[in-house]
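Quick note on labels: first sequence line is chain A, next is B, and so on, each numbered from 1.
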Amino acid sequence: MLRKAAIFAALVGLTLAGPALAKTTEKHPHAVAWSFDGPFGKFDQAQLQRGFKVYREVCAACHSMSLLSYRDLAANGGPFASAKYPNPNENPFVKAIASEVEVADIDSETGDPTTRKATPADKFRAPYANEAAGRAANSGAYPPDLSVITKAREGGPNYIYAILTGYHDAPQGLTVAPGQYYNPYFPGDLESIWTGDKAKTPVGGLLAMPPPLATDQVTFDDGTKATVAQEAEDVVAFLAWASEPKQVERKRTGFAVLIYLVLFAGLLYASYRRIWKNVAH
Amino acid sequence: MSGHPSTYEPKTAIERWLDTRLPLVRFSAELMDFPTPKNLNYWWTFGGILAIMLVVQIISGVVLAMHYVPHVDHAFVSVERIMRDVNHGWLIRYMHANGASMFFVAVYIHIARNLYYGSYKAPREMLWIIGCLIYLLMMATAFLGYVLPWGQMSFYGAVVITNLFGALPIIGEPITTWLWGGFAVDNPTLNRFFSLHYLLPFMIAGLVVLHIWALHVPGNNNPAGINVKSKDDTVPFHPYYTVKDGFAASLFLIMFAVFIFFMPNVLGHADNYVPANPLVTPAHIVPEWYFLPFYAILRAVPDKLMGVLMMFGAIAVLFVLPWLDTSKVRSMRYRPTARWFYLFFIVAVFILGYCGGNTPDAPVIGHSTGVLFLGDDINSIVWLSRLMTLYYFAYFLVITPILGLRETTLAVPDSISTPVLSHGVSTPSGATAEPEKRG
Amino acid sequence: MANTNPGGSAAGPGHDDPSRRDFIHIAAAAAAIGGVAATAWPLIDQMNPSADTLALASIEFDLSKVEPGQQVTVKWRGKPVFVRNRTEKEIAEAVRGDSANLKDPQADAQRHKDGKAQWLILVGTCTHLGCVPNFKSALEQGIYQGWFCPCHGSVYDTSGRIRKGPAPTNLEVPEYAFLSDTKVKIG
């Protein structure tokens, strides 16, 4: 039994070792204490609402979130979920948010492209019609879709938070082109633009995104002070929720399943011992 | 089928009717009654666990296929739709993705058991070969399946593996074009990969039936490696091993559940949540963990064709193992020298896996020394891979044949039931010597 | 000695047979069945309509664009729905049909909301075999001035009731509600 456990532990350790650091370097993000961390983690609805506000007012100008529909905001565990409106399609907050957005449509009489008010069933409207338009508006860099961003980056929410709060002035000796911004948490290889001692090349890389957050950039409806750290924390919590809205349900179900399995294993073990009691083996 | 006389007697009228037309009940009764050695330890429960995992993968896979769209423009989005909108879709998807990893955990333990206890040796060569074929099909299925979500790793995994065939002289390029259905990995490739991914598991199921048939002809091996001499050495499969397998499976399911519900993405790669982009390759491409040792072997060899041949050779060598092993003693319980070489083999495979997950020129300990040997730093992953690859092949091709002829083995007991009892009973049935230590 | 009794002991004579009816075995089996059922449910429920399908279970429609005598076809739950703004003549014709010998008797008043007789909302699939009927005006059509199904010739009146042809029942009136004078929610 011990050997089985040791082998399993080794296997897990092996897989968690992960891909190696190659030529790119970056500063390792600090671990932030997220409310959704751990097997009993959950989201704070007020934080999700604040985070959604930051997304909508700051990020949505460039970043799409095309895998989410407006009704998702009112689904169980979402920022606007309400026990009074169990059907998320009828949630008035979500209907109001959707109706402020114009989405593309075809005029049914003439066939010409037109626009209409969004409904909860519609996906979040993307800021650009397509990737080419997105690149053209951002000097060739395409702002990635944020639907699964915390799952799509090593380090997850900690990494996104580190990037958002980690910008600072490029060290002296780094030749940064206009439209590029230094961030120590962004993986990059700065050797080619570093004019100083090659052994002391700064870690990190250059992003085409300027620091997106500033103090009081967003006014939070619940009065929370809008520091950069707060805005970053709230928007990352929102992005983490958006990447997997079912994660809290997943953990809750897991807890119940594990209890059942442990009890079941116990029953089977007792049954096994009973059956084998009188057999010399 | 196994040549044992059947003791089944049909009891009801329906049973009698069926027995003369299609003896299903007789067949199941014989499976349940199958005389199984009574000294099997927990390493023997992984066969049953594998069968359960195959059923889990097939059922979850067929269900996912009701929602998945195998088209480059819709694949990624359809998987996310399963995660978000399909009722319990997230559960079924994570079951299937983590189930694949669990399937490989179980198969590797199962293979390790066979190597240690000599279960591949005569008269079980066919059983072993069918097992190797199942393993090969499992790897093909897993590779095809990983491409389907159409993330960055999916795409580049497909690119790398299909390009391997290009290493073959003359026929390589036409074969690669034929696999792609075009000039590169694209929609035709994805669509056919989906079709094959759906097909192969049913071929695996067919081979599993043959595998169990091939098992039942000679009967199970056992930890002592000695043949069953009498009915005293065996117990009926049901309920002794159905319940024991059930218990072991429930523990395995606990591990499975921990992955599904609490760390469903830890065995995967973040890059696979980025939709496939044929114009931008991620910084580090790695296959799934269960392929890492073979990936290390592939990259250990500087020549592309030789690397491919060595990688496939590492699997091919398994097929001929029954003929490479010259030992008269089956189980390593009685082969103390062989045990050490086996342990080093297991360690070598783990190290190869570690190497596969790292870039070839990364240093193993500390920093690169700057001392090159044949073009590569001696303190590099690639040299460690080469060393371990050498041991991998040496273990099968050199050590195993020589050991069988040279080693001193321990005394093998006469039969299973006489002195080989580790668990005492209230009145032991004729135990004379002290309980054998388990190995 | 040989003893291959299923469930019987392999020990020597004079020992207890682990009885198959021992409580622990029944408990373990029951737990197993419970586990299988709990696992089976998600696998079955996943075939039920998913959240994105249910999101389109109701639609809202703006009536202000539909002129009297006009009809708009909207897609609802994958089916066509006729939203017709009936003229006084059509309403009168429909009410007259109340007393006729109908295959599927129903008064016109039962087929629209109180006080909103001009708005007729029907599921536009013929109750015979599912084709979509066309509205025929008084000029093109004979007596009934309603819908005509091209597939097998069913004829519906201005209330959508079956008058002639093989269809067994009237055109279905879906569940709907007026959110305001100009907005209706279907479904």
Side-chain angles (χ1 to χ4, degrees), chain A residues 66-78 86-92 94-95 98-99 105-110 114 116-123 245-246 249-250 253 256-281, chain C residues 3 5-39 41-42 49-62 65-67 70-77 80 83 177 179 183 185 187:
Chain A
S66 308
L67 296 175
L68 268 91
S69 302
Y70 293 103
R71 59 176 166 84
D72 288 328
L73 296 168
N76 246 335
N87 183 347
N89 299 291
E90 293 176 358
N91 183 302
V94 150
K95 280 165 108 172
S99 60
D105 196 9
I106 309 274
D107 187 322
S108 54
E109 281 159 39
T110 62
T114 177
R116 62 166 172 81
K117 282 209 189 19
T119 64
D122 286 312
K123 296 261 185 260
K246 304 277 168 128
E249 186 187 329
R250 160 168 63 83
T253 312
V257 168
L258 277 181
I259 290 180
Y260 166 79
L261 280 176
V262 168
L263 292 174
F264 183 48
L267 283 177
L268 277 175
Y269 185 66
S271 181
Y272 156 72
R273 289 299 299 261
R274 187 83 183 78
I275 288 171
W276 281 84
K277 206 160 86 151
N278 294 319
V279 178
H281 63 282
Chain C
N3 180 2
N5 224 345
S9 93
H15 293 285
D16 285 330
D17 267 353
S19 164
R20 269 197 290 205
R21 281 182 196 76
D22 272 354
F23 172 71
I24 188 65
H25 307 311
I26 297 180
I33 292 172
V36 167
T39 312
W41 170 242
S50 54
D52 54 341
T53 307
L54 293 174
L56 297 172
S58 328
I59 55 165
E60 287 179 16
F61 185 71
D62 180 6
K65 291 237 180 65
V66 190
E67 301 291 323
Q70 249 199 347
Q71 170 184 305
V72 170
T73 307
V74 292
K75 193 158 136 181
W76 172 73
R77 296 189 182 176
V83 178
L179 300 175
K183 211 186 243 188
K185 180 177 124 169

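- Neither the backbone nor the side chain of C:I59 comes within contact range of chain A; no heavy atoms are under 4.5 Å apart.
- At least one side-chain heavy atom of A:R274 sits under 4.5 Å from a side-chain heavy atom of C:D22.
- Contact annotation for C:A29: neither backbone nor side-chain heavy atoms come within less than 4.5 Å of a heavy atom of chain A.
- Both the backbone and the side chain of C:A51 come within less than 4.5 Å of a heavy atom of chain A.
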Salt bridge (Lys or Arg N to Asp or Glu O under 4.0 Å) assessment of A:K95 paired with C:E60: CA-CA 12 Å; A:K95 280 165 108 172; C:E60 287 179 16; 3.4 Å; yes

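- Here the NZ-CG distance, from A:K117 to C:D62, works out to 10.0 Å after rounding to the nearest 0.5 Å.
- Within 6.0 Å of the CG atom in A:N76, the count of heavy atoms belonging to other residues, nucleotides or ligands does not exceed 12.
- For the pair A:Y260 (side chain) and C:A31 (backbone), a donor-acceptor distance under 3.5 Å is present.
- Here side-chain hydrogen bond (donor to acceptor under 3.5 Å, both in side chains) pairs that include residues 261-271 of chain A, with residues two or more places apart or in two chains, are A:Y269-A:R273, A:S271-C:H25.
- Top candidate by heavy-atom pairs under 4.5 Å with chain C, chosen from A:N89, A:L268, A:L263, A:T119, is A:N89.
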